[in-house]
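Residue numbers start from 1 in every chain, and the chains themselves are labelled A, B, ... in the order their sequence lines are given, proteins ahead of strands.
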Amino acid sequence: MAKANTINPVRGTQDIFGEEQERFAHVVSTFDRVRRLYGFQGVQMPVIEPTAVFARSLGETTDVVSKEMYSFDDRGGDSITLRPEFTAGIARAFISNGWQQHVPLKLAAHGPLFRYERPQKGRYRQFHQIDAEIIGAAEPQADVELLAMADQLLHELGIADGVTLQLNTLGDGDSREAWRAALIDHFEAHRGALSEDSQERLQKNPLRILDSKDPRDRPIANSAPDIDAFLTDEAKAFFDAVCAGLDAAGVAWTRNSRLVRGLDYYRHTAFEFVTDRLGAQGTVLAGGRYDGLIENLGGPSTPAVGWAAGIERLAMLLDGVVAASIDAAIVPMGDAAEARAAALAAELRRAGLAVELGYKGNMKKRMQRANAAGARYAIIIGDDELARGEAALKNLADGEQRDVKLDALAEALSQ
RNA sequence: GCGAUCGUAGCUCAGUUGGUCAGAGCGCCGGUUUGUGGUACCGGAGGUCGCGGGUUCAAGACCCGUCGAUCGCCCCA
């Protein structure tokens, strides 16, 4: 418990340590391995961007821009924003650096993001995501490849059980407009029965009524028309190709015709991997196609599709605790042994072995630390062993102990 | 921005209708074992009960405020 006069962390930030950090690192390293299997290049992006990058990509009037961004004026008077997502910054970089010469471009990124909102389960003001984008590919095969990678990632993390891929299409521009008009007609007809929130949504974002959680809205949302009847031939062919591609790739999915995106630039495929294990924050990985975004930001007309996933949420779902462990802990007793142990530690580490050197406390203390560090072996060196050029090598799992020549330790530990 | 619940030891928590209620487990330190961990036993340190005010003979408990946390709503790129 912190004392009254100590400094508190910034609200919504977290100090990730120990077991939690092990899980976190496991998510990132698994992502880094899997994205290489699919030929996605890593990319490092700035954490800060001009506010206009997000204001123009997300829309000036959305809640996100108006009240959920971490923005401030720098000393030169420019408005700067801590990135709330990866996609807009990547689109900006694509334009800034003329990356159209590299399309189709498959990019992967991960790191901290910031949103100024109330913290709750799995949601922080500074949080972390992994992110994947395919830029410059208008073909449905890009959507399939992107989703196959997400699916493989979740399987390799061992959290695919209880997670389902929900898939929908928002159609092309014409499809979307026709559907939107039909939805407004439908909801206007039931206006009085809608929740207060949804009556608001009818003005600002009618598509959002479809995934409302309010029980009063559900019957009306469920009886609303699907987009299917409004899809153009091209849009229908695109969605069919995505579905067929997923089946061919062995990626399980279910249609969720109520799944929508909040922002206008989304087109065609929209998807979420959803779990029932995280309370209200059940979306584990989400994304879609945003063919209009780069053009909105002043770049060339460029199709793109991508997803992002919260590292904290993925880490929460990991079952097995990844226990930290090392190969050996050296336990020297006496000045001469300590001097020799320092050299031995360096030698073993150069040989690629993870080694801890105990230099604090009495022998019992050092043995306790060796055990706590998860060491497979303790290397005990006292004056007697030192005189013989040996160490007592104790297997901490079964308690077996034998003498080994110092210069044979690396080999003995490697077995 | 809104609602609910909760702030007691390093951690997880118990504390009855206000009256020895400053407690437990784990962890930490030490000992049983001056060179042998993980199991066992014994001992010890550690808290102005989030903060400020109020009610009362008496407040960890009740009231008000404040800060923080958690869960949900809104939003979700």
Side-chain angles (χ1 to χ4, degrees), chain A residues 1-14 17-18 53-59 61-69 81 83-91 113-124 127 129 131 133 195-198 200-201 204-205 208 211-214 260-266 270 272 278-283 286-288 290 293 306-310 329 331-334 337 358 361-386 391-401:
Chain A
M1 184 56 57
K3 297 294 186 217
N5 60 352
T6 59
I7 298 173
N8 291 320
V10 173
R11 178 169 212 178
T13 60
Q14 12 168 22
F17 171 77
V53 167
F54 306 109
R56 285 174 63 183
S57 68
L58 301 173
T61 61
T62 59
D63 278 11
V64 174
V65 170
S66 58
K67 64 181 192 189
E68 291 175 10
M69 294 203 309
T81 293
R83 62 184 181 197
E85 61 157 358
F86 278 108
T87 305
I90 287 174
L113 303 171
F114 303 82
R115 294 180 195 175
Y116 195 86
E117 58 188 347
R118 278 297 272 278
Q120 57 181 286
K121 190 181 184 70
R123 296 179 78 164
Y124 302 92
F127 58 104
Q129 286 190 342
D131 180 275
E133 316 276 351
S195 66
E196 296 77 9
D197 284 336
S198 285
E200 280 281 315
R201 292 186 180 110
K204 299 194 310 193
N205 202 347
R208 274 282 162 196
D211 56 9
S212 169
K213 292 170 189 165
D214 194 303
V260 296
R261 303 276 79 165
L263 301 177
D264 284 342
Y265 58 68
Y266 278 100
E272 294 184 6
L278 288 181
Q281 311 303 326
T283 299
Y290 52 96
L293 176 60
W307 56 250
V331 178
M333 295 307 297
N362 58 23
M363 180 168 189
K364 179 186 174 113
K365 216 56 227 171
R366 297 181 188 197
M367 288 299 289
Q368 285 176 345
R369 286 186 210 285
N371 193 61
R376 289 161 51 225
Y377 289 94
I379 300 169
I380 301 160
I381 309 174
D383 292 338
D384 297 347
E385 288 86 353
L386 198 56
L393 184 64
K394 179 167 187 172
N395 183 325
L396 291 178
D398 60 19
E400 291 291 315
Q401 184 169 326

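- With both ends at atom P, the span from B/C67 to B/G27 equals 38 Å, rounded to whole Å.
- When Watson-Crick and G-U wobble pairs are counted only if both distances are under 3.5 Å, B/C11 pairs with B/G25.
- In this model, no side-chain donor or acceptor of A/Arg261 finds a partner on the base of B/A77 within 3.5 Å.
- Across all strands shown, B/U17 forms no Watson-Crick or G-U wobble pair with both distances under 3.5 Å.
- A/Asp211 comes within contact range of no nucleotide atom at all, as no heavy-atom separation falls under 4.0 Å.
- In this model, no side-chain donor or acceptor of A/Glu117 finds a partner on the base of B/G1 within 3.5 Å.
- Rounded to the nearest Å, the gap between the C1' atom of B/C11 and that of B/U20 is 27 Å.
- In this structure, the nucleotide among B/A77, B/G38, B/C73 sitting nearest to the side chain of A/Glu85 is B/A77.
- Defined by atom type and a distance below 3.5 Å, a donor-acceptor pair is present between the side-chain atoms of A/Tyr290 and A/Glu133.
- Between the C1' atoms of B/G18 and B/C49, the separation comes to 15 Å (whole Å).
- Of the nucleotides present, none pairs with B/A59 by Watson-Crick or G-U wobble criteria with both distances under 3.5 Å.
- Applying the Watson-Crick and G-U wobble criteria (two distances, each under 3.5 Å), B/C41 pairs with B/G31.
- Nucleotide B/G1 forms a pair with B/C73, judged by Watson-Crick or G-U wobble geometry with both contacts under 3.5 Å.
- Backbone-only contact: A/Arg201 has heavy atoms under 4.0 Å from sugar-phosphate atoms and none from a base.
- Residue A/Arg118 is the one, among A/Arg118 and A/Glu385, whose nearest nucleotide of RNA chain B lies closer to the 5' end (criterion: closest heavy atom).
- Residue contacts for A/Met363: at a heavy-atom cut-off of 4.0 Å it reaches a base atom on one of the strands shown.
- The CD-P distance, from A/Gln368 to B/G27, rounds to 11 Å in whole Å.
- Residue contacts shown for A/Gly334 are absent, as no nucleic acid heavy atom lies under 4.0 Å away.
- For the C1' atoms, the distance linking B/A9 with B/G44 amounts to 14 Å, nearest Å.
- For A/Glu272 and A/Arg261, the salt-bridge test passes: some basic side-chain N is under 4.0 Å from an acidic carboxylate O.
- In this entry B/U48 has no Watson-Crick or G-U wobble partner, no candidate having both defining distances under 3.5 Å.
- At a threshold of 4.0 angstrom between heavy atoms, the contacts of A/Asp384 include nucleobase atoms, whether or not backbone atoms are also involved.
- The side chain of A/Tyr266 sits closest to B/A77 out of B/C76, B/G37, B/A77.
- Residue-to-nucleotide contacts include a donor-acceptor pair under 3.5 Å from the side chain of A/Asn371 to the base of B/G37.
- A/Val331 pairs in a side-chain contact (heavy atoms from CB on, under 4.5 Å) with only one of the listed residues (A/Lys364, A/Lys394, A/Arg366, A/Lys365), which is A/Arg366.
- For the C1' atoms, the distance linking B/A61 with B/C6 amounts to 14 Å, nearest Å.
- Note on A/Gln401: a base of the nucleic acid sits closer than 4.0 angstrom, heavy atoms only.
- Comparing B/G37, B/A77, B/A69 by their closest approach to the side chain of A/Met367 singles out B/G37.
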